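Keep in mind that the numbers below use all heavy atoms, side chains included, and drop hydrogens, waters and symmetry copies. Computed from a prediction, not measured in an experiment: that's the story for all the values here.
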Amino acid sequence: MKVIRLLLLSSIICSFAFSGSNSNAQDADGLFGTLEIASSDLQALPQWRRALASFSDLKKAAKACDEDILKCNSQQMTLWRTKIQELEHSPKSIIMRQINQFVNKWQHNSDWATYRHQDYWASPLEFLTVGGDSEDFAIMKYVSLKELGFSSEQMRIVVTRDVLRGVTHTILSVQLNNKSYVLDSQTDTVFQEKFIKYYVPLYSLNETTRWAHIPSQYIAASNAARIDQ
């Protein structure tokens, strides 16, 4: 029965990944040692698509603030723009750590308390004003690092299962110098992914692609089940 449950879960994750028209399997050396299945179809992620659509509004507000401090629409916007300007000539390793620490100073708020929704992905402008929960922190770090020279291909917002707390938790994964790092709203320290054992990725995404993740033990169980047949 255990093998059957594992196979069923693998099937569900795969169906998520292959619902797009341009899906293809990736190698088994994905984030946190998972098998990754990629798709270029973002239609299954309406919250992310809405957040993406808001990036242009953030860009306009940031440009206005940079040109005239009196046009910064909030104190939080002024603080963010000051930090971006402070880091624009720094090494990327410093930028990554500083942005993680800086964004983590924002208020942690639940979606229900702020928006009266159980699951709401805030735009960066909304986050700057009222804070947010883990996915909102990850999105804010994503746009900050992108402005400071990181490419979208280097970054993924990763929705995980936190096995220590038994909850869903979102982080930002960043690739730098052939290493994968985790930017987490729960800690100001940036760790290499290989040292973190308590997050199991469910799915990840950037501006062009989404990935489903199948833990290696499920693949092993699936292979064992086929051998037993």
Side-chain angles (χ1 to χ4, degrees), residues 42-43 45-159 169-176 181-186 188 190 204-210:
L42 301 180
Q43 292 302 308
L45 302 169
Q47 296 265 35
W48 174 233
R49 288 191 292 111
R50 186 182 55 78
L52 278 176
S54 74
F55 287 5
S56 59
D57 293 333
L58 177 70
K59 186 175 182 180
K60 291 176 184 176
K63 184 175 185 294
C65 184
D66 291 346
E67 292 174 350
D68 184 352
I69 193 171
L70 296 177
K71 294 183 179 179
C72 295
N73 58 16
S74 67
Q75 181 182 12
Q76 294 93 327
M77 171 64 78
T78 305
L79 290 172
W80 179 58
R81 298 313 300 163
T82 300
K83 191 66 176 180
I84 293 295
Q85 293 164 15
E86 172 191 323
L87 291 173
E88 59 185 355
H89 300 300
S90 298
K92 285 190 172 181
S93 60
I94 299 296
I95 291 173
M96 180 175 62
R97 288 171 170 81
Q98 287 286 312
I99 286 297
N100 185 62
Q101 185 178 26
F102 176 74
V103 174
N104 281 355
K105 294 177 181 178
W106 258 252
Q107 181 71 35
H108 288 253
N109 291 315
S110 70
D111 290 334
W112 183 254
T114 307
Y115 302 106
R116 289 296 185 265
H117 288 283
Q118 292 294 343
D119 185 28
Y120 181 86
W121 289 31
S123 72
L125 284 174
E126 289 170 325
F127 175 83
L128 285 172
T129 303
V130 297
D133 60 5
S134 61
E135 69 268 9
D136 307 322
F137 280 83
I139 292 171
M140 193 70 223
K141 293 170 188 178
Y142 182 101
V143 295
S144 299
L145 291 181
K146 187 175 180 183
E147 183 165 351
L148 288 165
F150 286 75
S151 68
S152 59
E153 290 76 17
Q154 287 179 270
M155 299 184 289
R156 292 195 212 172
I157 292 168
V158 189
V159 178
H169 182 69
T170 303
I171 60 171
L172 181 67
S173 174
V174 179
Q175 298 290 325
L176 183 64
Y181 294 90
V182 171
L183 278 63
D184 192 342
S185 60
Q186 297 190 110
D188 289 344
V190 173
S204 60
L205 49 93
N206 62 20
E207 291 169 68
T208 62
T209 309
R210 60 185 170 98

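- Taking the salt bridge (Lys or Arg N to Asp or Glu O under 4.0 Å) definition, one finds that E153 meets it with nothing, sequence neighbours left out.
- In this structure F150 satisfies the ring pair (Phe, Tyr, Trp, His ring centres under 6.0 Å) test with no other residue, sequence neighbours excluded.
- A donor-acceptor pair is defined here as one N or O able to donate and one able to accept, closer than 3.5 Å; such a pair exists between the side chain of K92 and the backbone of G149.
- Here the NE2 atom belonging to H89 is positioned 15.5 Å from the CD1 atom belonging to I94, to the nearest 0.5 angstrom.
- The closest side-chain heavy-atom distance from Q186 to H169 is below 4.5 Å.
- No donor-acceptor distance shorter than 3.5 angstrom exists from the side chain of R210 to the backbone of L45, with no hydrogens or angles considered.
- Using a 4.5 Å heavy-atom cutoff, the side chains of L148 and I84 are in contact.
- Residues F55 and I139 are in side-chain contact: their nearest non-hydrogen atoms beyond the backbone lie under 4.5 Å apart.
- Rounding to the nearest 0.5 angstrom, the gap separating the OG atom in S54 from the CH2 atom in W121 is 12.0 Å.
- Within the 4.5 Å cutoff, no side-chain heavy atoms of L172 are placed close to those of D184.
- Atom CG in D188 sits 5.0 Å away from atom CG in N104 (nearest 0.5 Å).
- Among residues two or more places apart in sequence or in another chain, the salt bridge (Lys or Arg N to Asp or Glu O under 4.0 Å) test is passed with K71 by none.
- For the atom pair NZ of K141 and CD1 of I171, the computed distance is 9.5 Å after rounding to the nearest 0.5 Å.
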Donor-acceptor pairs are to be reported for all side-chain atoms of residues 124-136 against protein atoms at under 3.5 Å, with residues two or more places apart or in another chain.
{"from": "E126", "atom 1": "OE1", "to": "Y120", "atom 2": "OH", "distance (Å)": "3.2"}
{"from": "E126", "atom 1": "OE1", "to": "S123", "atom 2": "N", "distance (Å)": "2.8"}
{"from": "E126", "atom 1": "OE1", "to": "S123", "atom 2": "OG", "distance (Å)": "3.3"}
{"from": "E126", "atom 1": "OE2", "to": "Y120", "atom 2": "OH", "distance (Å)": "2.9"}
{"from": "T129", "atom 1": "OG1", "to": "L125", "atom 2": "O", "distance (Å)": "3.1"}
{"from": "S134", "atom 1": "OG", "to": "T170", "atom 2": "N", "distance (Å)": "3.1"}
{"from": "D136", "atom 1": "OD1", "to": "A122", "atom 2": "N", "distance (Å)": "2.8"}
{"from": "D136", "atom 1": "OD2", "to": "D133", "atom 2": "N", "distance (Å)": "3.0"}

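- A distance-only check finds no donor-acceptor pair linking the side chain of T209 to the backbone of L205 [under 3.5 Å].
- Considering only heavy atoms from C-beta on, S173 stays 4.5 Å or farther from M155 through its side chain.
- Looking only at side-chain heavy atoms (C-beta outward), Q154 and L176 come within less than 4.5 Å of each other.
- Every residue two or more places apart in sequence or in another chain was checked for a salt bridge (Lys or Arg N to Asp or Glu O under 4.0 Å) with E88, and none qualifies.
- Contact detail for H108 and S185: the closest heavy-atom pair is CE1-O, 3.4 Å.
- Taking SG of C65 as the start and CG of L70 as the end, the distance is 9.5 Å to the nearest 0.5 Å.
- The nearest pair of heavy atoms linking M77 to A61 is CE-CB, 3.7 Å.
- Residues Q98 and K83 form a side-chain contact, since some pair of their non-hydrogen atoms from C-beta on lies under 4.5 Å apart.
- Atom-to-atom distance recorded for D66:CG and T82:OG1 is 9.0 Å, nearest 0.5 angstrom.
- Considering only residues two or more places apart in sequence or on other chains, K63 meets the salt bridge (Lys or Arg N to Asp or Glu O under 4.0 Å) condition with E67.
- E207 and Y142 share a donor-acceptor pair across their side chains, judged by distance under 3.5 Å alone.
- Of all heavy-atom pairs spanning R116 and A113, the tightest one is NH1-O, 3.3 Å.
- L145 is listed as a side-chain neighbour of L183, based on a closest heavy-atom distance under 4.5 Å.
- Within the 3.5 Å criterion, the main-chain N or O of H117 finds no donor-acceptor partner in the side chain of D111.
- Counting non-hydrogen atoms of other residues, nucleotides and ligands closer than 6.0 Å to CD of Q85 gives a total above 12.
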